[in-house]
Every structure is written in C-alpha cells, then in structure tokens.
Colleague: 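Mind looking over this structure? Questions follow.
All values below were derived from every heavy atom in this structure, side-chain atoms included, with hydrogens, water molecules and symmetry-related copies excluded. No experiment lies behind these values; they were computed from the predicted model shown. Along the sequence shown, the residues carry numbers beginning at 1.
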Amino acid sequence: MRYARRKIVAGLALTATCLGWVGMGWAQAASKEPLKFGLAMPLTGSQALFGADQAKAAQWAVQDINAKGGVDGHPLEMILLDTQADPRLGINAVNRLVNVDKVPVFGTAWSAVVKAVAPIANRSEVLALSVGANSPEIAKLGDYLYTTYPLADVDVVAQARYARETLKKERAAVLYIHNDSGVEGAKIYRDAFESLGGKVVAYEAYDAQSTDYTGALLKVRTSNPDIIHIQGLVSDLPQVIAQIRQLGIKQPISTYSAGYNPKVIQQLGAAAEGLMVSALAPSAEQNPRIAEFVERWQKTEGRIPNGLPYTQYLYDMPYLIADLYGHLLKSGKPLTGANMRQALVEVANFDLPMTGKLQVSADHRVKKPVYLFEVKNGAFTPLATVE
C-alpha cells in the first residue's frame, strides 16, 4: 500500500509540472531547469474533501504560471504528497520533500501537521509556508516557518468583537473540537469576549472522533447564552450545528472561516439560517478574479470548491513562491532554503491574484481584512468588513 500511494503521489507531482507547459510559454518554460517546491496536504482520509480541492487549486496555479513562461523561463514544479492531516504522515512527507526531492521551500496546512513538521524545516533550513492552518502558535515555531494565512487571533477576535460591540451580546457559550486548532481558537474567543465585558457561561469541548455531541450541548442549553460560538473543523461543523437545532437551542451561532463553505449550507438546509461566519479572503464582489475562479470550478468540476477561501490561498501560494524564485534569480543567489527565507523577508509585500495584497511581518504573521457573513435565505450575505 505504501508503494502504491507513492506512485500516485509521484503522478500528481508530474502532472503539476507537465500540464503547465502549454500555450505561448511552453517552449521557453520547458527549456530551462524546473524550479521545485513541495506541497503536503490531506489527499485521502477524513479531511481529503477539502485538502484535495486546495491541492487542485495549487496545481491550477502552477499550470497558469507555466503557461505564461514560468519564472524567467524556468517551469515551476510542484511535488505533491499526502498527509491525511495526520502529523506522523506529515513528518514522513516533509522528510521526503526535504531529503529526497531537495526542495528549498514547501507548503502545508492543518495546525497539528504544521507544528509537527516545523522542526524539520528549521533543522534543514528549508522555508516552510503554512497555508490555511490557524493556530496562533504557528507564528512561534521557528525561523523557517512562516504563515501566509491569517491566524485565529485575527478572525476569531473579530467575531468576538462583533458579538459584543455590534450585536450587544453579553453571555456567550463556546464549543470547540479538542485539537490544537479548536483549543487555541476557543481560548482566543473566550479571552476576547471577556476582555470586552462579556461573560462566557459555557466552555465545552467535544472529541474529534465523536458523532454525538449531546453531553456538551445540554450544558450549553442549560447555561442559557445569548450567542454560541463554535471552533470546529469543516468536517464536523454541520453535525454540531444540526444537533444544536435538534435539541431546540435557538440562539444565534457564529463560527470562524471553516464555516464559510457552501457545503455547510447544503448539509444543514434551514438549520443554517442565521449562522454567522468569517472569511479571510475576498469574495467575487470584492475581486472579479474570484468569479472567474469559481466559474473555472463549475466548468471543470461541476461545483463550487470546498472551502472556497482556503482554495484561494492555495492558488496564490505558487505565485508567492514564483516571486521568491524570481527574486533569487535576479540577484544571482543560490536557490537554497536559507536564501528563500531571506527573499521572503526582503520582498515582504506580495500582490496575489486571489487574495490580494499580502504583507509578511517580522513576527511571522500576516494581516488581512476579515469579512463577516450571515446565512440568509440559503446564501452567505455580507454583514461587515473588519480591517
């Protein structure tokens, strides 16, 4: 089984390069040595519904870059490996990327995986980009780990502030999945809500493998909150929300960017009405390229991507890496991980096709506007933008 999986992964990596050598840039991009980077994502397992779409978005970006000539005539080559969102498999994948494929830069996601592979990046002096994980601890994982995605203290704080200052909610219940992302995100919401004068009247965890959340939900119901905030994963959020409504709990529900997903509405139906979510990437109304991106999904896949904002960040990642390679080629510096990191620090500001301007700060964080939405009549309706 291990050999078969590696053969599949190798095929995906080859596709990400070769399919890009099309159009006007083919001859130029095919004539020079490929510029490699790695991507380690859940292509199978419980998170594959989302990880596979994110990987596809990155593959499309590689194709689009190479179709226009690559990076100074060099084709971009993405080596794609499967993590199953499992830290152990993430370590195996990144060890291969670093030690076998010799990439100077790689991307990955899911907070537990990012934390597990950060020591490899630091030890090997290979630039690691966290693209979608949101644990605030990611900013503290070492010199070679940077995020391109805003961490939870950006949109979760915005949610808490909106609940207190705009909605005037005084009593909040916080539900969270018992993993790195859930524990840390829940703490951020609790601390922010209470710092604004609110009171958290219930603070309940649920197990990542569970399908019945009755125990925690009954405690929430007993606490009689004004609002319920959930820090879960895209895979469990619909079940949690459905059971909340089945128990007759009618208070408004908010969640972070994991909830900004058409599948949540599809799965919940009427139970999704009133759900408040945040997004950390612009919508089609804010960036016309997003409408083209969604139309591409509709034409090729017959659907909207799972976790649209995350796919936008993954599409942008190869463009950022291409900018780093371009910076090093222009300066004549060796294409090493150490120089990739230095290029990231020196360039710092990027203008990316799907998510717009990105500034990488010295504290390894990025800041982006937070877009708040509410489900109304089966669609995400803008509420506010928090800068």
Side-chain angles (χ1 to χ4, degrees), residues 5 9 38-55 58 80-98 106-124 126-142 144-156 174-189 205-211 230-237 239-240 255-259 261 280 306-307 309-311 313-314 317 364-366:
R5 184 167 65 245
V9 165
L39 181 61
M41 298 292 284
L43 307 177
T44 60
S46 64
Q47 303 302 308
L49 188 67
F50 308 96
D53 277 8
Q54 293 172 36
L80 177 61
L81 300 182
D82 187 7
T83 68
Q84 297 185 15
D86 183 320
R88 294 169 299 175
L89 294 179
I91 289 171
N92 292 342
V94 168
N95 271 325
R96 173 178 161 175
L97 289 172
V98 170
F106 68 89
T108 190
W110 273 258
S111 295
V113 173
V114 174
K115 289 183 177 183
V117 305
I120 303 172
N122 291 320
R123 182 172 62 249
S124 305
V126 169
L127 178 62
L129 301 175
S130 172
V131 192
N134 68 349
S135 167
E137 294 300 311
I138 287 170
K140 306 173 184 177
L141 295 180
Y144 280 83
L145 192 287
Y146 284 79
T147 184
T148 68
Y149 186 85
L151 302 179
D153 47 1
V154 176
D155 65 328
V156 175
V174 180
L175 275 167
Y176 61 96
I177 190 169
H178 198 268
N179 64 14
D180 289 341
S181 179
V183 169
E184 292 166 11
K187 183 179 184 299
I188 289 168
Y189 186 93
Y206 58 87
D207 188 81
Q209 307 303 319
S210 180
T211 57
I230 306 173
Q231 285 291 135
L233 295 177
V234 285
S235 53
D236 55 78
L237 271 172
Q239 297 178 61
V240 176
T255 190
Y256 69 117
S257 53
N261 185 349
L280 289 162
N306 297 311
Y310 294 95
T311 61
Y313 277 90
L314 263 295
M317 183 194 68
H364 293 229
R365 296 172 176 269
V366 295

Colleague: Does Met317 reach the side chain of Leu39, with side-chain heavy atoms less than 4.5 Å apart?
Modeller: yes
Colleague: Please give me the minimum heavy-atom distance between Asp155 and Ser257, naming the atom from each residue.
Modeller: OD2-N, 3.3 Å
Colleague: Under 4.5 Å between any side-chain heavy atoms of Pro150 and Asn134, yes or no?
Modeller: no
Colleague: Identify the two heavy atoms, one from Ile188 and one from Asp153, that lie closest to each other, and give their separation to 0.1 Å.
Modeller: CD1-N, 3.7 Å
Colleague: Could you work out, with salt bridge (Lys or Arg N to Asp or Glu O under 4.0 Å) as the rule, every residue matching Arg88, not counting sequence neighbours?
Modeller: Asp86
Colleague: Measure the spacing between CD of Gln54 and CH2 of Trp110 and express it to the nearest 0.5 Å.
Modeller: 4.0 Å
Colleague: Could you pull out every donor-acceptor pair under 3.5 Å between side chains of residues 112-123 and any protein atom, sequence neighbours left out?
Modeller:
unit_1 : atom_1 : unit_2 : atom_2 : d
Lys115 : NZ     : Glu184 : OE2    : 2.6
Asn122 : OD1    : Asp143 : N      : 3.3
Asn122 : OD1    : Tyr144 : N      : 2.9
Asn122 : ND2    : Ala118 : O      : 3.2
Asn122 : ND2    : Leu141 : O      : 2.7

Colleague: Report, one line per pair, each donor and acceptor closer than 3.5 Å where one atom sits in a side chain of residues 230-237; sequence neighbours left out.
Modeller:
unit_1 : atom_1 : unit_2 : atom_2 : d
Gln231 : OE1    : His229 : NE2    : 2.8
Ser235 : OG     : Gln47  : NE2    : 3.1
Asp236 : OD1    : Tyr206 : OH     : 2.5
Asp236 : OD1    : Leu233 : N      : 3.3
Asp236 : OD2    : Leu233 : N      : 3.1

Colleague: On the 0 to 90° scale, with breaks at 30° and 60°, tag the Tyr310-Tyr149 ring pair as parallel, tilted or perpendicular.
Modeller: parallel
Colleague: Are Tyr189 and Tyr256 an aromatic pair, judged by ring center distance below 6.0 Å?
Modeller: no
Colleague: Using every non-hydrogen atom in the two residues, find where Asn261 and Phe50 come nearest and quote the distance to one decimal.
Modeller: ND2-CE2, 3.1 Å
Colleague: Can you tell me how far the CG atom of Leu43 sits from the OG1 atom of Thr83, to the nearest 0.5 Å?
Modeller: 7.0 Å
Colleague: Any idea which heavy atoms bring Arg365 and Thr147 closest together, and the distance?
Modeller: CA-CG2, 4.0 Å
Colleague: Using the rule side chain to side chain contact (heavy atoms under 4.5 Å, CB included), only one of Asn92, Leu89, Thr44 pairs with Asp82; which is it?
Modeller: Thr44
Colleague: Minimum heavy-atom separation for His364 to Ala139, with atom names?
Modeller: CB-O, 3.8 Å
Colleague: Working to the nearest 0.5 angstrom, can you tell me the gap between Thr108 OG1 and Leu129 CG?
Modeller: 10.5 Å
Colleague: Do Asp180 and Glu137 have side chains that approach each other closer than 4.5 Å (heavy atoms only, starting at C-beta)?
Modeller: no
Colleague: Which heavy-atom pair separates Gly38 from Leu97 by the least distance, and what is that distance?
Modeller: CA-CD2, 3.8 Å
Colleague: What distance separates Leu145 CG from Ser130 OG, expressed to the nearest 0.5 Å?
Modeller: 6.5 Å
Colleague: If you measure from OG on Ser181 to CD1 on Ile138, what distance do you get to the nearest 0.5 Å?
Modeller: 8.0 Å
